[in-house]
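Atoms within each ligand, like the ligands themselves, are counted from 1 in listed order. Values in this document were obtained by computation on a predicted structure and should not be read as measured data.
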Amino acid sequence: MPHHTRDGVVPWPTEVAAGYREAGYWLGRTLGDLLWEVADARADEVALVDSAVEPATRMTYGEMVARADAAALRLLDLGLEPDDRLLVQLPNGWEFVVLTLACFRSGVIPVMALPAHRRHELEHLAALSEARAVAVPGVLRDFDHQALAHELAADLPDLEHVLVLGEPTGGAVDLAALLEAPADDADRRTTREAVDALDPDPGSPACFLISGGTTGLPKLITRTHDDYACNVRATAATCDLGSDDVYLGTLPASHNFPLACPGVLGALLVGGRVVMLPSPAPERSLATIEAEGVTVSAAVPAVAQAWVEHRQANPGVHDLSTLRVLQVGGSRLPDAYAARIGPVLGCTLQQVFGMAEGLINTTRLEDPDEAICSTQGRPVHEADEVRILDPLGNDLPDGQPGSIVTRGPYTPRGYYRAPDHNARAFVDDGWYASGDVVVRRPDGNLVVQGRDKDMINRGGEKISAEEVETLVYTMEAADMVAAVSMPDERLGERLCVYVVPKAGREVTLEAIRDHFGASGVAAYKWPERLELVTALPMTKVGKIDKKALRERLTLTTAGS
Ligand code: OOB
């Protein structure tokens with residue numbers, strides 16, 4: 001019995017969708033269909049390298065797609081159906097890639113959770129997506145993901161299957177076995193035929209991404225095969241990605257950036273090679289660039305900075321001559337850091353200002369150094385529409401900062417099952433307001449100057465202020481709470497909470513962090529600084545004046 005319908009997915013208006021198809025922006029083919037065509041032409045070439053283990057696991061295109069097809073059938077054998085949701089929380093490794101491809105082929109929709117997520121996030125994501133299965137590592141970095149998955153399955157009626165990478169317990173499914181290749185050639189052929197016949201609708205969701213979120217809890221972003229393929233192809237073109245390229249994925253692959261901008265999917269779609277590492281730690285990453293002849297990779301500014309510093313401290317230890325492009329995005333790259341990346345790592349920097357909700361901007365490889373080092377680039381697709389608005393909704397000329405709004409062939413028109421929030425985030429005729437304040441230069445490049453959304457960007461990981469505040473309010477002793485960013489040398493921003501305690505009560509940073517831990521909140525959202533105050537400043541319209549609070553922190557940080 002299919003318990004789910006597609007309601008909750010906001011479609012593009014019919015005429016707009018027809019225009020995108022007619023123009024060829026949407027190919028009317030699934031990601032599986034596109035990738036299998038490439039794989040068939042390159043069956044014996046290495047597609048996937050997992051460098052988490054020594055020696056690295058290597059897989060050809062032929063083996064990768066055979067495993068994915070076998071896994072697709074095994075997902076259905078478990079009782080999953082096309083359009084059912086599978087919550088995926090796996091570290092970077094070949095298993096993440098093959099399972100994702102199995103989903104694309106079967107029509108089961110992966111919900112891309114982060115390894116850092118804990119009960120607070122996973123429960124929400126599973127409930128909102130009505131996930132019927134969850135895929136987790138067994139124990140990772142001392143955390144027992146399998147035990148948590150069993151707890152969730154006990155509490156959520158839809159969640160029937162726990163898929164585990166590691167030793168399964170309590171009726172869990174062995175993910176490694178699920179991802180095994182077909183037994184022999186005959187099995188391989190019948191598997192292929194059976195999965196070819198499934199043929200999901202290219203207009204249906206290929207995956208659900210998680211929003212950075214400015215409201216209470218993260219939203220789900222439905223990305224269709226048509227729109228996501230458009231996203232991958234347009235971003236691949238801006239870094240000249242081709243079959244000779246070797247893409248290193250070290251950022252968590254469930255993020256849009258390393259997954260599809262052009263990322264893992266881009267490298268495979270052009271017949272290149274993907275190398276997966278579960279962490280962007282500099283020594284390991286640079287050693288892998290040398291060992292695998294990596295040509296393209298992606299980093300958040302903090303990671304790029306760590307690679308640069310490591311390289312400067314250990315010049316010439318690794319041969320990085322293959323590295324052609326390092327993409328950097330997710331949070332603002334300071335211009336002064338930007339200028340060091342190309343010379344130190346011996347590659348071209350590509351700045352990327354993107355969002356899981358769609359629009360991707362990049363600098364182009366042939367841009368002058370000045371543009372590469374001091375702008376966040378321009379839209380990757382000719383059909384991307386971008387406007388920069390003043391507070392009254394009027395278009396602003398070049399050179400004047402305003403709020404960016406966007407529409408386009410890979411920017412969905414709404415979050416999944418969030419009508420109230422959609423009414424605010426999608427203005428007028430489906431323009432997505434990302435909450436970023438940008439300036440457009442006469443050369444078309446955008447410079448991100450700030451934000452008018454209540455979010456903390458901690459080294460590329462987004463933290464909703466409201467989510468943090470709601471959690472602190474569940475502590476008895478807190479009377480008033482405001483979460484704000486504080487400037488940080490390494491991560492750009494960290495999370496600070498201002499708290500007015502109730503009369504006679506005590507609040508400490510340790511108590512807050514303990515409370516977040518006990519509430520099963522991902523560690524990157526735990527406050528890192530507490531400012532105890534007797535009152536919070538208010539604006540004229542009676543809202544907490546966060547700008548004033550942030551300014552106080554700048555002053556105290558500068559003075560300390
Ligand atoms: C990427 O996606 P999300 O969904 O995690 O976060 C989107 C937000 C943007 O609205 C903006 O506030 C911020 O992250 N952001 C940047 C930035 N890139 C993203 N702010 C300043 N400078 C940049 N270069 O972060 C994302 C998705 C795809 C590709 C790259 C990044």
Side-chain angles (χ1 to χ4, degrees), residues 112-114 116-117 207-215 218-221 223 227-228 231-232 234-236 238-239 249 251-266 296-305 326-335 337-338 341 349-363 371-381 384 386 401 403-406 410-412 415 425 432-439 445-465 485 491-493 524:
M112 297 295 187
L114 293 171
H117 285 153
C207 62
F208 284 14
L209 301 178
I210 316 292
S211 79
T214 51
T215 56
K219 302 279 178 283
L220 291 175
I221 305 158
R223 302 298 302 261
D227 97 63
Y228 221 30
N231 185 112
V232 172
T235 48
T238 69
C239 52
L251 301 177
S254 38
H255 275 309
N256 189 30
F257 186 17
L259 181 61
C261 303
V264 170
L265 297 178
V296 180
S297 192
V300 292
V303 165
Q305 180 68 2
L326 183 64
Q327 300 181 292
V328 180
S331 66
R332 182 66 155 87
L333 177 65
D335 296 4
Y337 291 7
I341 292 171
L349 166 65
Q350 178 174 59
Q351 292 211 44
V352 185
F353 161 44
M355 49 204 76
E357 286 82 353
L359 180 70
I360 307 294
N361 303 279
T362 69
T363 55
I372 287 178
C373 293
S374 49
T375 82
Q376 282 65 56
R378 49 195 182 277
V380 295
H381 200 282
D384 282 321
V386 168
S403 301
I404 186 171
V405 299
T406 185
Y410 61 92
T411 301
Y415 293 104
Y432 171 62
S434 77
D436 296 296
V437 174
V438 310
V439 169
N445 285 309
L446 305 176
V447 179
V448 182
Q449 295 206 327
R451 289 195 297 270
D452 54 14
K453 57 181 161 186
D454 209 1
M455 177 261 266
I456 293 95
N457 189 336
R458 186 181 186 276
E461 293 298 356
K462 314 307 185 306
I463 306 169
S464 150
S485 62
L491 294 174
E493 298 172 17
Y524 68 88

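- Side-chain contact between Asp384 and Leu359 is present, with at least one heavy-atom pair separated by less than 4.5 Å.
- Side chain to side chain, Glu493 and Ser331 fail the donor-acceptor criterion of an N or O pair below 3.5 Å.
- Enumerated by chain and number, the residues approaching ligand 1 to less than 4.0 Å through a heavy atom are Asn256, Phe257, Cys261, Gly329, Gly330, Ser331, Arg332, Val352, Phe353, Gly354, Met355, Ala356, Glu357, Ile360, Gln376, Asp436, Val448, Lys453, Met455, Asn457, Lys462.
- Residues Val447 and Ser374 come closest through the heavy atom pair CG2-O, 3.7 Å.
- Proximity of Arg378 to Phe353: side-chain heavy atoms (C-beta onward) are nowhere separated by under 4.5 Å.
- Pairing each heavy atom of Gly329 with each of Pro301, the nearest pair is O-CD, 3.4 Å.
- Closest approach of Pro258 and Ala253 over heavy atoms only: CG-CA, 4.0 Å.
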